[in-house]
Every structure is written in structure tokens, then in C-alpha cells.
Visitor: 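One structure, as C-alpha cells, below. Some questions next.
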Amino acid sequence: MLQQTTVPHALPYFEKFMALWPTVRDLAAAPDERVMAEWAGLGYYSRARNLLKCARVVVSEHGGVFPADEVALLMLPSFGPYTAAAVMSFAFGKAANVVDGNIERIMSRLYAVKTPMPAAKPVLRELAGRWVRDDRARDWPQALMDLASAVCRPKSPLCMLCPLREACAGFAEGNPDIYPLKTARAPKPVRYGVAFLIVSEDSFIVERRPDKGLLGGMLGLPHLDWRDEVWSEDEIVTPLSPSPDASHHPLPQGEGRWVSVGTYDHVFTHFALKQQVWQLELSAQEVSAFLRQHNQYQLLPWADKKALPTVFGKALRLV
DNA sequence: CAACCGTGGAT
DNA sequence: TATCCAAGGTT
């Protein structure tokens, strides 16, 4: 959960997961949809799919016990260099080269590394490796990470409080905050979409998204493709009324009952989305008929709206 | 190796 | 509003 996610954001999810599935065996036995629903809002949903895969591999191939071996850990889904080293250190108390963003930042400043990220990563890993020690194998990486978080901060580092100040080449240079150096990144493109909120009584229509790619395995609202140009009203109205394209965007024929309810913004890692929302209220009978024709859709009670990723939860807030 | 993959808080 | 960034991994 902590991979690229802040502790305050992850903490309530961690508590809930541990209450629902206290052991790796419990998690391995959980239904996929339930795990994905509990992960909703945390982002990077491949982590949830891989976490579940991992639990099942640990049960089927390791007797339900995580191996205390870094190479074996690395073979598990969702385990990369950081997580394998972190588990070796924090869980098993064995010395390991734990290198996260915090420790990368400390090393880049301590040695004033001129190579920009991400090319500097192997360099920073090697530098961090020089500090690995066998005693207090749990405390040492934790201490470095906490030092980075509290003192050697990304912005406005508190160098006057830092125990490494006299050894720090970045401090000696006068501007340790410029490290780690990074290359300019391309601006985020803006894309445009149209989502459809089809409501009946206490529920609305959702679909299970494909297992791979963006929001893979999550529930979502039916929507038109996210593309580089704005959707015109003509283009939107077409799939809402009888047309040859109706099979591609199978939506209920609203007969003028579709209502535009507004637009919202959402920012993903590599693009920003401006999404229109259209709403249609159907009778229970209409919904039943529609769902019979199109089995890719299902009804989700309003009470379960938290199972949606945020990008679609925002559409509900709009209403 | 670069691109992909969410979200929300801080500044 | 714009930018940065967080206990990275997978493809």
C-alpha cells in the first residue's frame, strides 16, 4: 500500500484490510471483486491485483509463510527491489539494502550526485549499499527513511538539525535542496470523456473493467472513449438515440430523458481528464430489460458507491 | 529503458 | 490553478 502512496492515505486501508483478512491465507481466499472494492480510492490498482496474486502464491508455493529470502521474495508478484529489501529488514531483521525515494534523496545530497533521475537510481543504490550494516538491521533503514522524511525533506531541508551535515557534499555546496537532479518532464496532455450515470431507484449501472491497463479490474461507469478532442453534443446524443453505432455504445434509449449534469476534472499520472456526465433515470422494468440485453453491465447500490475508483466517484458527487 | 499506472496533500 | 511528490512495480 505504501508503494508511491503517503502513510496517512494508506493507513485506514491497511487497518481495514487487516481486519477483513488477518492472515495471508484469509486474503488468498478472498474474492477478487471484494479486494478490488476495498482498494477503491487508493489508486494504482495493479497493486491490488498483484497483492492478491502474491497471497495466493505464498499459500500455494510457500505453505502460507513468506520466505525469509530476498531472491525468493523478489519472485513474488508486487515485490520489487525496494519491497524485497524492506521485508527482509523490517519483517525478518536481516540486513538489506533498502532503497526508497527517501534514501535516494539522502544519498543524492550526501554525495552531490550530478546524474539526473531516473538515470541516477543505480548510482544511488550503490551508494546506499555502502551504508548497510548487520547490527540493528531493522532500525538502520527506518532511521534513514525517517531522517529523510523529517529533516532531509524534498523542499526546505532542515540541515541545521541533520546529524549528517558535516559529511554532506550537498550541504557544502550550499544548495542541497536541488538534489536529486531531475530532467524536465513533458506537460500532461488533456483528454476528454463522457460518462453515463444510469440510475434506477437505489442503484446505478456499472461495468467491470478489463483486467489490464488503466483502472484494470475495477468497476466503472459506462463512458465514451477518453480522447484528445472535446466531445460535441451531436456526438454524445448519437449513442443515446437509435443508431448503427448503438452496439458499440449500448446505452438505453432515453427518448429525450437524458440530462447533462456537468463536467469535472480528474488528474491521472500521465494525463488529465475532463469528463462530461449525462444522467438517465429508468424504471425498474426498464433497467431489467436493459441488463438482460447487455450482460456486461451490472447494478451497483448507491450504498456501495465507495467500490468505485475516484475518477468515477466524482461523477456521483456531481449529482 | 521509457512508458504506464491513481490519488490527495502540501506548497 | 499549477506543480511536485509519496515506503515503486510491471510491461
Side-chain angles (χ1 to χ4, degrees), chain A residues 1-14 36 39-54 73-91 96-106 108 115-122 124-125 128 138 140-150 152-157 177-191 209-220 226 264-275 306 308-314 317:
Chain A
M1 286 177 179
L2 290 172
Q3 290 168 354
Q4 291 288 287
T5 300
T6 58
V7 172
H9 192 192
L11 199 49
Y13 288 84
F14 175 75
M36 299 311 289
W39 198 276
L42 200 48
Y44 284 148
Y45 297 99
S46 67
R47 293 181 300 175
R49 285 178 271 129
N50 290 332
L51 174 68
L52 191 48
K53 279 186 201 167
C54 179
L73 289 173
L74 267 173
M75 297 178 63
L76 295 171
S78 79
F79 274 78
Y82 164 74
T83 306
V87 168
M88 286 305 294
S89 170
F90 301 141
N97 191 14
V98 182
V99 185
D100 74 327
N102 287 301
I103 294 181
E104 284 181 341
R105 186 170 60 256
I106 288 195
S108 70
T115 309
M117 299 291 277
K121 281 179 171 287
L124 299 174
R125 173 173 306 283
R138 281 193 178 86
W140 188 249
Q142 186 68 60
L144 279 179
M145 291 164 71
D146 287 346
L147 178 69
S149 172
C152 195
R153 307 182 298 192
K155 296 171 184 174
S156 309
D177 54 301
I178 67 172
Y179 300 104
L181 270 36
K182 42 199 171 290
T183 52
R185 64 169 82 171
K188 276 183 189 180
V190 179
R191 306 183 73 181
R209 299 175 63 85
D211 230 17
K212 298 185 175 182
L214 189 67
L215 307 168
M218 298 298 290
L219 293 177
W226 299 339
Y264 64 91
D265 296 328
H266 187 77
V267 181
F268 292 105
T269 302
H270 53 295
F271 69 93
L273 175 67
K274 287 185 179 298
Q275 184 137 267
K306 289 179 66 175
L308 289 175
T310 303
V311 63
F312 292 116
K314 284 182 178 178
R317 296 182 213 167

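Chain A is the first sequence line, chain B the second, and so forth, proteins listed ahead of strands; every chain is numbered from 1. Everything numeric here is computed off the predicted structure, so don't read it as measured data.
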Visitor: Whole-Å distance between C:dC5 P and A:Met117 CE?
Guide: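 Distance check: A:Met117 CE to C:dC5 P gives 10 Å.
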Visitor: Select one nucleotide: of B:dT7, C:dG9, C:dG8, the one nearest the side-chain heavy atoms of A:Pro81.
Guide: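 Of all the options, the side chain of A:Pro81 is nearest to C:dG9.
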Visitor: Roughly how many Å is it from CG in A:Asp211 to C1' in B:dC5, rounded to a whole number?
Guide: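 Going from CG in A:Asp211 over to C1' in B:dC5 covers 14 Å.
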Visitor: Once you round to the nearest 0.5 Å, how far does CG of A:Leu144 lie from SG of A:Cys152?
Guide: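 So the CG of A:Leu144 and the SG of A:Cys152 are separated by 10.0 Å.
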Visitor: Please tell me if A:Tyr44 has a side-chain N or O lying less than 4.0 Å from either OP1 or OP2 of C:dA6.
Guide: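 So the side chain of A:Tyr44 is outside the cut-off, no N or O lying under 4.0 Å from OP1 or OP2 of C:dA6.
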Visitor: Please enumerate all residues that pass side-chain hydrogen bond (donor to acceptor under 3.5 Å, both in side chains) together with A:Gln275, with sequence neighbours excluded.
Guide: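 A:Gln275 satisfies side-chain hydrogen bond (donor to acceptor under 3.5 Å, both in side chains) with A:Trp226, A:Tyr264 once adjacent residues are dropped.
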Visitor: Nearest to the A:Gln4 side chain among B:dT7, C:dG8, C:dC5, which nucleotide is it?
Guide: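 The answer is C:dG8.
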Visitor: Using atom CG of A:Leu73 as one end and atom P of C:dG9 as the other, report the distance to the nearest whole Å.
Guide: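 Between P of C:dG9 and CG of A:Leu73: 12 Å.
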Visitor: When we call it a touch if two heavy atoms are under 4.0 Å apart, what does A:Pro77 touch: a base, just sugar-phosphate, or nothing?
Guide: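 It contacts sugar-phosphate atoms only.
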Visitor: Starting at atom CG of A:Asp265, determine the distance to atom P of C:dT3, rounded to an integer number of angstrom.
Guide: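 Interatomic distance, CG of A:Asp265 to P of C:dT3: 14 Å.
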Visitor: Base, sugar-phosphate or nothing for A:Gln142? Non-hydrogen atoms, less than 4.0 Å.
Guide: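 Base, at least one base atom sits under 4.0 Å.
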Visitor: Quick check for you: to the nearest 0.5 Å, what is the distance between A:Ile106 atom CD1 and A:Ser149 atom OG?
Guide: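 The OG atom of A:Ser149 is 10.0 Å from CD1 of A:Ile106, to the nearest 0.5 Å.
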Visitor: A:Arg105 near the nucleic acid: base, sugar-phosphate alone, or nothing, with a heavy-atom cut-off under 4.0 Å?
Guide: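 Counting heavy atoms under 4.0 Å across all strands, the contact made by A:Arg105 is with sugar-phosphate only.
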Visitor: Does the base of B:dG6 carry an N or O that pairs as donor and acceptor with the side chain of A:Thr5 under 3.5 Å?
Guide: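 Result: at least one qualifying N/O pair found.
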Visitor: Would you tabulate the side-chain donor-acceptor contacts of residues 266-273 of chain A under 3.5 Å, counting partners in other chains and residues two or more places apart, or write 'none'?
Guide:
residue	atom	partner	partner atom	Å
A:His266	ND1	A:Lys314	NZ	3.0
A:Thr269	OG1	A:Tyr44	OH	3.4

Visitor: Suppose we screen for side-chain contact (heavy atoms from CB on, under 4.5 Å). Which residues come up paired with A:Arg153, at least two apart in sequence or across chains?
Guide: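 For A:Arg153 the side-chain contact (heavy atoms from CB on, under 4.5 Å) partners, ignoring immediate neighbours, are A:Ser156, A:Leu158.
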Visitor: Of A:Thr269 and A:Lys182, whose nearest nucleotide on DNA chain C comes first from the 5' end?
Guide: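 Looking at the nearest nucleotide for each, A:Lys182 comes out on the 5' side.
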Visitor: Please list, pair by pair, any protein nitrogen or oxygen found under 3.5 Å from a nitrogen or oxygen in nucleotides 8-10 of chain B.
Guide:
none

Visitor: In whole Å, I'd like the distance from the CG atom of A:Leu181 to the C1' atom of C:dC4.
Guide: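 Rounded to whole Å, this separation is 16 Å.
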Visitor: In whole angstroms, how far is the C1' atom of B:dC5 from the CD atom of A:Gln3?
Guide: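 My rounded result for the distance is 12 Å.
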Visitor: Please state the P separation for the pair C:dG9 and B:dG8 - nearest whole angstrom.
Guide: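 Comparing P positions in C:dG9 and B:dG8 gives a spacing of 22 Å.
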Visitor: Check whether any side-chain N or O of A:Arg49 sits under 3.5 Å from a backbone N or O of A:Gly216 as a donor-acceptor pair, and report yes or no.
Guide: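 Yes: the side chain of A:Arg49 pairs with the backbone of A:Gly216.
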Visitor: Checking all strands, does A:Thr83 fall into the base, sugar-phosphate, or nothing category for heavy-atom contacts under 4.0 angstrom?
Guide: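 Contact class for A:Thr83: sugar-phosphate only.
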Visitor: Where each residue is assigned the nucleotide of DNA chain B containing its nearest heavy atom, which of A:Pro118 and A:Lys188 is assigned the position nearer the 5′ end?
Guide: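 Nearest nucleotide further toward 5': that of A:Pro118.
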Visitor: Between B:dC5, C:dT10, C:dC5, spot the one nearest the side chain of A:Pro154, thanks.
Guide: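 Of all the options, the side chain of A:Pro154 is nearest to C:dC5.
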Visitor: Atom CZ of A:Phe271 to atom P of B:dT7: distance rounded to whole Å?
Guide: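 Taking atom P of B:dT7 as the reference, CZ of A:Phe271 is at 10 Å.
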Visitor: If the condition is ring pair (Phe, Tyr, Trp, His ring centres under 6.0 Å), which residues does A:Tyr179 pass it with, not counting sequence neighbours?
Guide: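 By the ring pair (Phe, Tyr, Trp, His ring centres under 6.0 Å) rule, A:Tyr179 matches no residue at all.
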Visitor: Is there a side-chain contact between A:His270 and the phosphate of B:dA3, meaning an N or O under 4.0 Å from OP1 or OP2?
Guide: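 Answer no for this pair, as no side-chain N or O of A:His270 is under 4.0 Å from OP1 or OP2.
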Visitor: Roughly how many Å is it from CZ in A:Arg47 to C1' in C:dA6, rounded to a whole number?
Guide: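 Nearest whole value for this atom pair: 10 Å.
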Visitor: Applying a 4.0 Å non-hydrogen cut-off, can you work out what A:Pro309 is touching in the nucleic acid: base, sugar-phosphate, or nothing?
Guide: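 If one applies the 4.0 Å heavy-atom cut-off, A:Pro309 turns out to touch the sugar-phosphate alone, with no base involved.
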Visitor: Which residues pass the side-chain contact (heavy atoms from CB on, under 4.5 Å) test with A:Ala86, not counting sequence neighbours?
Guide: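 Here the qualifying residues are A:Tyr82, A:Phe90, A:Val98.
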Visitor: By the 4.0 Å heavy-atom rule, please label A:Ile103 as base, sugar-phosphate, or nothing.
Guide: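 Nothing: the residue A:Ile103, judged by heavy atoms under 4.0 Å, touches no strand.
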